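Reviewing the structure listed below.
Hydrogens, waters and symmetry mates play no part in the numbers below; they use all other heavy atoms, side chains included. As the structure is a prediction and not an experimental result, all values here were calculated from the model.
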Amino acid sequence: MPVSVYNKLVRDRIPQVIQAKGKECRTRILDEEEYNQELVMKLKEESEEYFSAQSPEESLEELADML
């Protein structure tokens with residue numbers, strides 16, 4: 001079975017949701033420097049999505065993701 005790799009920050013108990021579906025996941029807690037770097041990358045990603053949004057609804061969703 002192929003293994004999917006997602007190197008992403010997670011929130012909202014996502015690992016527990018994955019495990020509740022009978023799947024496995026591995027997580028690790030980042031040190032402060034790594035965490036800050038990942039937050040900057042995530043903000044860049046979400047801001048690009050915001051500026052690419054095609055509707056006010058999409059724009060609002062991306063702004064909410066940034067918060």
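Every residue two or more places apart in sequence or in another chain that forms a side chain to side chain donor-acceptor pair (under 3.5 Å) with E46 is listed here: K42. Evaluation of the side chain to side chain donor-acceptor pair (under 3.5 Å) rule for E34 yields R28 as partners, not counting sequence neighbours.
Here Y35 is tied into one hydrophobic group with L9, L30, L39, each link being a pair of ILVMFWY side chains closer than 4.5 Å. In this structure, I29 shares a hydrophobic cluster with no other residue, the cluster being traced through Ile, Leu, Val, Met, Phe, Trp and Tyr side chains under 4.5 angstrom apart. With a 4.5 Å cut-off between side-chain heavy atoms of Ile, Leu, Val, Met, Phe, Trp and Tyr, the cluster of I18 takes in V10, I14.
Remark: E24 CD is loosely packed, at most 12 non-hydrogen atoms of other residues, nucleotides or ligands lying under 6.0 Å away.
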Give the table of side-chain donor-acceptor pairs shorter than 3.5 Å for residues 59-67, with sequence neighbours excluded, one pair per line with atom names and distance.
| residue | atom | partner | partner atom | Å |
| --- | --- | --- | --- | --- |
| S59 | OG | S55 | O | 3.2 |

